[in-house]
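Structure, as structure tokens:
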Number of protein chains: 2
Amino acid sequence: MDRQRRGKNEGASAQERPTLKTLAFMTGLGVTTVSRALKDAPEIGAETRRRVQLVAKQIGYRPNRAGVRLRTGRTNVISLVLNTDREIMSFVSDIIYGVSEVLSETPYHLIVTPYSRSQDPMEPIRYLVETGSADGVIISRTQPNDPRARYMLEHGMPFATHGRTDMGLVHPYHDFDNHAFAMEAVRRLASMGRRKLALLSPPPGLTYYSHTLDGFADALSEVGATEVPFNTVSIDHTIEQIRSRTAQLMRRDVRPDGFVSSAAAATLAIVAGIEDAGLKLGRDVDVVSKQSSDLLHLFRRELLVVNENFRLAGSELARSVLGWIGGAAPGSLQSLVVSGDVQAFSQPVAV
Amino acid sequence: MDRQRRGKNEGASAQERPTLKTLAFMTGLGVTTVSRALKDAPEIGAETRRRVQLVAKQIGYRPNRAGVRLRTGRTNVISLVLNTDREIMSFVSDIIYGVSEVLSETPYHLIVTPYSRSQDPMEPIRYLVETGSADGVIISRTQPNDPRARYMLEHGMPFATHGRTDMGLVHPYHDFDNHAFAMEAVRRLASMGRRKLALLSPPPGLTYYSHTLDGFADALSEVGATEVPFNTVSIDHTIEQIRSRTAQLMRRDVRPDGFVSSAAAATLAIVAGIEDAGLKLGRDVDVVSKQSSDLLHLFRRELLVVNENFRLAGSELARSVLGWIGGAAPGSLQSLVVSGDVQAFSQPVAV
DNA sequence: TTGGCAATCTGTAACGTTTCAGTATATTGA
DNA sequence: TCAATATACTGAAACGTTACAGATTGCCAA
């Protein structure tokens with residue numbers, strides 16, 4: 001249970017980690033001067049500044065994070081808050097890499113703060129705000145009226161959301177244009193002669209649920225197609241649930257001849273369900289799906305895909321939070337990305 | 001650029017965050033006493049102890065991490081070191097959740113420390129050790145002679161590896177028995193009458209590469225099958241590379257009638273390659289693949305799968321590092337897991 | 001009564017950093 | 001010449017915690 005502190009290792013060959021005091025001693029200056037010299041304060045002589053910075057670089061000085069944090073309250077930490085059981089696999093992976101990429105050139109560390117199905121989504125947020133464990137937060141699964149965003153806004157915690165809110169409050173976000181996605185998907189299906197379309201939507205409650213539904217509806221009326229209701233499942237349901245519901249649907253008299261799916265894994269289930277019902281993809285029905293990594297075309301080459309780049313989302317979100325922390329106006333840190341490339345893979349790769 | 005410190009908010013309705021001093025004032029004790037009372041030190045009277053702990057709980061006292069860290073050197077941080085571009089998607093996601101699950105009941109935070117293709121894998125390790133940014137580290141992509149493990153061992157940084165090393169040094173690890181996996185896979189293919197088998201291996205250099213190869217070879221000789229060399233690609237190659245190499249291979253005169261694949265994404269590429277060559281899965285060739293989430297059977301029901309549980313790996317690794325930090329013998333913190341369930345999905349789900 | 005001792009409790013210092021309130025020296029204006 | 005001012009630097013304090021070295025009290029044996 002007891003842990004040895006990393007004490008002064010006198011006599012050992014290993015060097016003690018340099019601090020401001022070390023630098024002060026080496027340069028013959030006071031710690032205050034050294035501290036200011038390192039951050040280019042104007043009241044330090046140009047030569048002194050250069051000298052201090054040179055020595056610091058030479059001996060590999062790195063500010064002690066605990067010291068800075070205790071003194072300033074700045075943690076140099078960005079927290080990514082994730083749902084442990086509902087988050088899309090590739091989302092987690094890609095967004096972490098996207099965030100990391102941006103943070104790697106800064107003193108910021110990325111901490112992952114998870115919460116599970118059973119927990120209140122507010123809990124990790126309250127924890128972060130109350131303990132001041134991060135300078136900025138990134139959240140996903142954003143809702144139109146999102147208590148997390150409201151809370152952080154009220155408590156002055158900089159954050160960015162993946163997806164927009166709709167509360168009349170302004171904050172940084174990054175969003176994929178799901179309205180455009182749904183429209184494009186419907187148009188695509190319509191252009192192939194599909195007229196009775198079903199939508200496997202995002203989970204109701206999240207903002208992009210209605211974005212997707214609106215886009216779907218708008219395009220339906222534009223192209224004069226009709227909807228076959230398929231709202232007993234969403235992409236949050238299990239593969240098995242989606243599969244059996246799809247099969248059920250496809251066995252009905254009025255069945256869709258086209259699907260729009262908001263997630264790749266769910267699409268696998270839809271296709272399985274279609275085939276369970278004895279129908280054939282590309283002949284009886286077509287499917288347009290979002291995907292975040294280029295794997296669906298390997299699955300069934302008849303699938304139509306739209307790509308959503310989660311890595312980009314991660315980078316943008318990180319940039320936004322850092323921007324807010326750095327004092328930029330939250331309203332200027334919003335981005336909406338449209339994926340133009342609806343593509344089909346109809347030809348096998350030539351060898 | 002300038003950041004306001006979270007100063008004392010006198011007059012504001014928001015409470016100042018309680019510290020030991022707050023507790024000391026409220027209980028009428030000294031901060032030292034309060035500090036010790038909270039950690040059940042024996043020299044504190046039983047009643048005092050209870051009283052302090054009660055008040056602490058009531059006002060929601062939480063130790064300031066920066067204070068603890070500055071004073072003790074303990075960071076209460078576990079770092080997960082990940083390769084930004086070679087790591088399997090589901091691995092990242094699942095291992096993070098596995099680790100989180102264990103850490104959630106402790107004061108530890110999880111920080112993700114990434115490194116990219118272009119970087120020396122040692123760089124993040126050196127950073128962590130030199131700056132003392134974590135109390136423990138988890139690494140993946142372990143090599144037989146792993147400089148990262150050696151370095152951390154030399155510098156007294158507790159860690160756990162996903163995969164074993166082979167340097168005669170003892171440290172915590174969690175590993176999936178890839179020797180057993182490869183043997184089971186070969187046996188399975190042999191039992192279906194497959195005799196000429198190809199292996200899509202892990203990347204050479206990693207420890208489980210040779211484990212897999214050995215298991216493959218051992219089982220080949222056991223069942224009297226032969227190997228069709230397929231070692232110009234590994235699961236680290238791109239989908240396209242694996243796909244075209246597979247197609248190439250399948251067009252040769254002596255082509256395999258069975259594949260063993262060490263990763264699910266790679267398996268998609270193998271199947272695509274097989275079909276590119278005009279052959280049919282289940283008829284001309286069978287494939288056994290590892291997978292970490294139950295999706296491959298949706299892809300082609302003829303696929304034979306073995307499950308590797310990365311979430312479990314994450315939990316085990318976290319437990320191991322915590323154990324080491326807590327003073328347990330590193331040799332007692334090793335686990336090897338065997339996946340017995342080789343399973344095939346031959347029947348569509350009945351509806 | 002005194003000394004010894006256990007049981008409880010306490011003040012001070014230190015971890016590394018930044019900020020506040022200076023100090024010393026040189027420079028300028030009149 | 002003197003005061004005012006700018007320039008370059010500095011010590012002390014504080015952030016919240018823990019460890020060290022006491023301090024106080026009551027109790028018991030001598």
Side-chain angles (χ1 to χ4, degrees), chain A residues 1-9 16-52 56 59-76 107 130-133, chain B residues 1-9 16-52 56 59-76 107 130-133:
Chain A
M1 218 47 167
D2 252 296
R3 197 81 191 317
Q4 199 81 348
R5 14 185 341 214
R6 285 181 228 281
K8 314 253 178 206
N9 47 357
E16 198 59 23
R17 180 165 169 217
T19 69
L20 287 182
K21 217 196 285 189
T22 319
L23 284 177
F25 177 75
M26 294 180 73
T27 55
L29 298 162
V31 285
T32 304
T33 310
V34 173
S35 173
R36 316 190 89 155
L38 287 176
K39 46 176 57 69
D40 286 320
E43 61 268 56
I44 302 298
E47 198 208 303
T48 306
R49 191 157 48 206
R50 264 183 290 116
R51 196 159 60 91
V52 171
I59 65 173
Y61 167 77
R62 307 206 202 216
N64 179 304
R65 312 190 111 235
V68 175
R69 181 164 171 177
L70 183 56
R71 179 64 237 249
T72 65
R74 226 171 0 114
T75 62
N76 280 319
E130 282 170 10
T131 63
S133 287
Chain B
M1 216 49 168
D2 253 296
R3 202 83 188 317
Q4 197 84 346
R5 355 186 0 206
R6 285 181 227 281
K8 314 252 176 205
N9 47 356
E16 199 58 24
R17 180 165 169 216
T19 69
L20 288 182
K21 216 194 286 188
T22 318
L23 284 177
F25 177 75
M26 295 181 74
T27 55
L29 298 163
V31 284
T32 304
T33 309
V34 172
S35 173
R36 316 191 87 156
L38 287 176
K39 45 176 59 68
D40 285 319
E43 61 267 54
I44 303 297
E47 197 209 306
T48 306
R49 192 157 48 205
R50 264 184 290 115
R51 196 160 58 91
V52 170
I59 65 173
Y61 167 77
R62 309 211 202 209
N64 178 305
R65 310 189 113 235
V68 176
R69 180 163 171 177
L70 183 57
R71 179 64 238 247
T72 65
R74 231 182 351 138
T75 62
N76 279 318
E130 282 170 11
T131 63
S133 288

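Keep in mind that the numbers below use all heavy atoms, side chains included, and drop hydrogens, waters and symmetry copies. Naming convention: chains lettered A, B, ... in sequence-line order (proteins, then strands); numbering from 1 in each chain. The structure displayed is predicted, hence computed values, not measured ones.
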Show each protein N/O and nucleotides 6-11 of chain C N/O combination with a separation under 3.5 Å, one pair to a line.
from	atom 1	to	atom 2	distance (Å)
C/dC9	OP1	B/Thr48	OG1	2.8
C/dC9	OP2	B/Gly45	N	2.9
C/dC9	OP2	B/Thr48	OG1	3.1
C/dT10	OP2	B/Gly30	N	2.7
C/dT10	OP2	B/Thr33	OG1	2.6
C/dG11	N7	B/Thr32	OG1	3.2
C/dG11	O6	B/Thr32	OG1	2.7

Item checked: Separation of C/dC15 C1' from B/Arg65 CZ (nearest whole Å) -> 17 Å

Item checked: Ion pair B/Glu130/A/Arg17, N-O distance below 4.0 Å -> no

Check: Expressed in angstrom and rounded to an integer, what is the separation of A/Leu38 atom CG from D/dC9 atom P?
Finding: 13 Å

Item checked: Protein-nucleotide distance (B/Arg74, atom CZ; C/dA14, atom P), rounded to Å -> 22 Å

Check: To the nearest Å, how far apart are A/Phe25 CZ and C/dG16 P?
Finding: 16 Å

Checklist line | Phosphate OP1/OP2 of D/dT17 contacted by B/Lys39 side-chain N/O (<4.0 Å) | finding: no

Check: What distance do B/Ser35 atom OG and B/Leu29 atom CG have between them, rounded to the nearest 0.5 Å?
Finding: 12.0 Å

Notebook entry, point to check: Roughly how many Å is it from CD in A/Glu47 to C1' in D/dT7, rounded to a whole number?
Noted result: 15 Å

Notebook entry, point to check: Between atom CZ in B/Arg17 and atom P in D/dG16, what is the gap in whole Å?
Noted result: 9 Å

Next item on the list: Any chance you could measure A/Leu20, atom CG, to A/Leu38, atom CG, to the nearest 0.5 Å?
Entry: 6.5 Å

Notebook entry, point to check: Got a second to check how far A/Glu43's CD is from A/Arg49's CZ, nearest 0.5 Å?
Noted result: 9.5 Å

Next item on the list: Taking all non-hydrogen atoms of both residues into account, name the closest pair between A/Arg69 and A/Thr75 and its distance.
Entry: NE-CG2, 3.4 Å

Checklist line | Length of the CZ-C1' vector between A/Arg62 and C/dC15, whole Å | finding: 20 Å

Check: In whole angstroms, how far is the C1' atom of D/dC15 from the CG atom of A/Leu70?
Finding: 4 Å

Notebook entry, point to check: Quick one: CG on A/Leu23 to CD1 on A/Ile59, what's the gap to the nearest 0.5 Å?
Noted result: 4.5 Å

